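In listed order, ligands and their atoms are each counted from 1. Given the structure is predicted, the values throughout are model-derived calculations rather than measurements. FYI, side chains are in, hydrogens and waters are out, and symmetry mates aren't considered; it's all heavy atoms of this structure.
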Amino acid sequence: MPRAFITGITGQDGRHLAEFLHGKGYEVFGMITGQNNPKATMLREELPFIEFVPGDLADLPSLVKALTVAQPDEVYNLGAISFVAMSFNQAELTANITGLGVLRMLEAIRMVGGNEDNAIRFYQASSSEMFGKVRETPQTELTPFHPRSPYGCAKVFGHDITVNYRESYGLYACSGILFNHEGPRRGLEFVTRKVTNAAARIKLGLQEHVVLGNIDSKRDWGFAGDYVKAMWLMLQQDQPADYVISTGVMHTIEDLIRLAFAEVGIEDWQSHVRQDQRFFRPAEVDLLIGDATKAKTQLGWEPEVTFADLVSMMVANDLEIEAKKAGLTIPS
Ligand code: GDP
């Protein structure tokens with residue numbers, strides 16, 4: 001039975017990846033950070049097959065210990081301070097976990113069994129946020145980085161150190177440059193889920209409007225369930241490499257809002273949306289759109305869920321959750 005070790009197991013991608021790998025017959029180990037982590041309790045019920053191992057990306061000895069216990073064939077580093085807006089307020093913490101955490105994990109892999117004979121394969125969750133103020137459109141694996149947030153800067157370090165350890169020590173280390181990927185498990189702080197949840201609550205009469213920041217920015221949004229397959233595929237190749245994972249289709253936040261509200265039968269979305277400075281960022285990433293040709297040709301990877309289907313799936317999920325919480329039936 002192959003063994004996988006996942007950091008960020010309680011997050012959206014960690015849960016999708018754990019499910020996917022379990023379906024492929026993997027023994028799945030998830031690193032849990034913190035004492036009495038409330039998300040671990042939730043996860044124990046949702047995905048009981050995961051074996052929890054304590055560890056922290058800020059603590060190298062804990063990573064060595066965790067890998068010694070799990071003895072993984074594959075390590076997926078999804079753990080990070082992952083919210084761009086928060087990274088402006090906690091920049092040093094973001095640099096430490098999202099950036100230096102990658103270096104610590106690579107060192108732990110070298111110590112526990114990352115040499116060429118007994119190679120632990122490593123996946124680093126890189127991000128389209130590294131492209132930031134984009135130098136070309138669409139963005140590929142060769143597009144220069146210009147990050148616009150402490151999160152983006154930390155991800156650039158994580159990406160570069162992954163490439164460096166591959167080139168320096170012959171590690172099988174891959175960096176997946178994933179564009180925004182969403183789904184029902186997305187945290188409510190991200191714009192997609194914030195909007196689909198608000199549309200559902202407004203439809204149910206539980207709220208009147210949603211307060212947002214900049215609705216002109218454009219993103220290439222895919223479904224997280226499709227994207228975790230690409231992570232796994234990267235670790236099954238003869239040679240490690242870096243890949244852009246994206247849909248190649250771009251939408252504005254306004255498109256997202258219009259679609260989400262249309263899903264619940266509300267056409268005049270404008271009367272339910274307000275904007276407030278507190279949701280604007282000190283520096284913005286205006287547009288992201290990826291070219292995943294390399295992943296398509298070399299990995300045989302294709303996204304399956306369209307943007308419209310994604311929004312529809314998320315609104316349906318939020319309607320169900322919010323109606324259940326409030327003891328309401330979903331109006332037709
Ligand atoms: P990101 O691409 O990783 O930053 O993902 P987010 O979902 O957090 O943000 C996507 C875009 O939505 C960014 O351009 C934000 O500035 C914009 N946005 C506008 N209003 C909001 C809001 O209320 N919350 C969030 N999270 N983003 C917002």
- request: If you have a sec, work out which protein heavy atom is nearest atom 7 (O) of ligand 1 and how many Å separate them, to one decimal?
  value: V191 N, 2.9 Å
message: I want to check a possible cation-pi pair here: K24 against W232, using under 6.0 Å from ring centre and within 45° of the ring axis as the test.
response: yes
query: Considering L256, N214, V211, which one's heavy-atom position lies nearest to atom 19 (C) of ligand 1?
result: N214
task: Please list, chain by chain and in numerical order, all residues satisfying salt bridge (Lys or Arg N to Asp or Glu O under 4.0 Å) with E284, sequence neighbours excluded.
output: R219
- prompt: Do V249 and L310 belong to the same hydrophobic cluster, where Ile, Leu, Val, Met, Phe, Trp and Tyr are linked whenever their side-chain heavy atoms lie under 4.5 Å apart, directly or via other members?
  reply: no
message: Considering both backbone and side-chain atoms of F190, is one of its nitrogen or oxygen atoms within less than 3.5 Å of a nitrogen or oxygen in ligand 1?
response: no
F83 neighbourhood, listing ligand 1 atoms whose heavy-atom distance to it stays under 4.0 Å: 8 (O), 26 (N)
query: Can you pull the salt bridge (Lys or Arg N to Asp or Glu O under 4.0 Å) pairs that have at least one residue in residues 157-169, sequence neighbours excluded?
result: R166-D242
query: What is the closest protein heavy atom to atom 20 (N) of ligand 1, and at what distance does it sit?
result: G213 N, 2.8 Å
task: Please determine which of L171, V64, I120 meets the side-chain contact (heavy atoms from CB on, under 4.5 Å) test together with R110.
output: L171
task: May I ask you to identify the nearest protein heavy atom to atom 5 (O) of ligand 1, giving residue, atom name and distance to one decimal place in Å?
output: N180 ND2, 3.5 Å
- request: Pull out every atom of ligand 1 sitting under 4.0 Å from any heavy atom of E189, numbered as shown with elements.
  value: 24 (N), 25 (C), 26 (N)
- prompt: Side chains of Y243 and Q237: does their closest heavy-atom pair fall under 4.5 Å?
  reply: yes
- prompt: So R104 and E107, salt bridge (charged side-chain N to carboxylate O under 4.0 Å, His left out) or not? Walk me through it.
  reply: CA-CA 5 Å; R104 294 190 191 98; E107 278 297 329; over 6 Å; no
message: At under 4.0 Å between heavy atoms, is it the side chain or the backbone of R219 that contacts ligand 1, or both, or neither?
response: side chain
query: Where the closest heavy atom to atom 8 (O) of ligand 1 is concerned, which of E284, R281, R278, K194 has it?
result: R281
- request: Kindly assign one of parallel, tilted or perpendicular to the pair W301 and Y227, based on the angle between their ring planes and the thresholds 30° and 60°.
  value: perpendicular
- prompt: So is I253 close enough to ligand 1, meaning a heavy atom under 4.0 angstrom away?
  reply: yes
- request: Could you tell me the residue and atom name of the protein heavy atom closest to atom 1 (P) of ligand 1, and the distance to it rounded to 0.1 Å?
  value: E129 OE2, 3.4 Å
task: Please check if the distance between the ring centroids of F190 and H181 is under 6.0 Å.
output: no
- request: Using distance alone, determine whether S217 and ligand 1 share an N or O pair under 3.5 Å.
  value: yes
- prompt: Are F5 and Y76 near enough that their ring centres are under 6.0 Å apart?
  reply: no
- prompt: Do any nitrogen or oxygen atoms of V84 come within less than 3.5 Å of a nitrogen or oxygen of ligand 1?
  reply: no
- prompt: Should the proximity of Y151 to ligand 1, defined as any heavy atom under 4.0 Å, be assigned to the side chain, the backbone, both, or neither?
  reply: neither
- prompt: Can you list the ligand 1 atoms lying under 4.0 Å from a non-hydrogen atom of F279?
  reply: 23 (O)
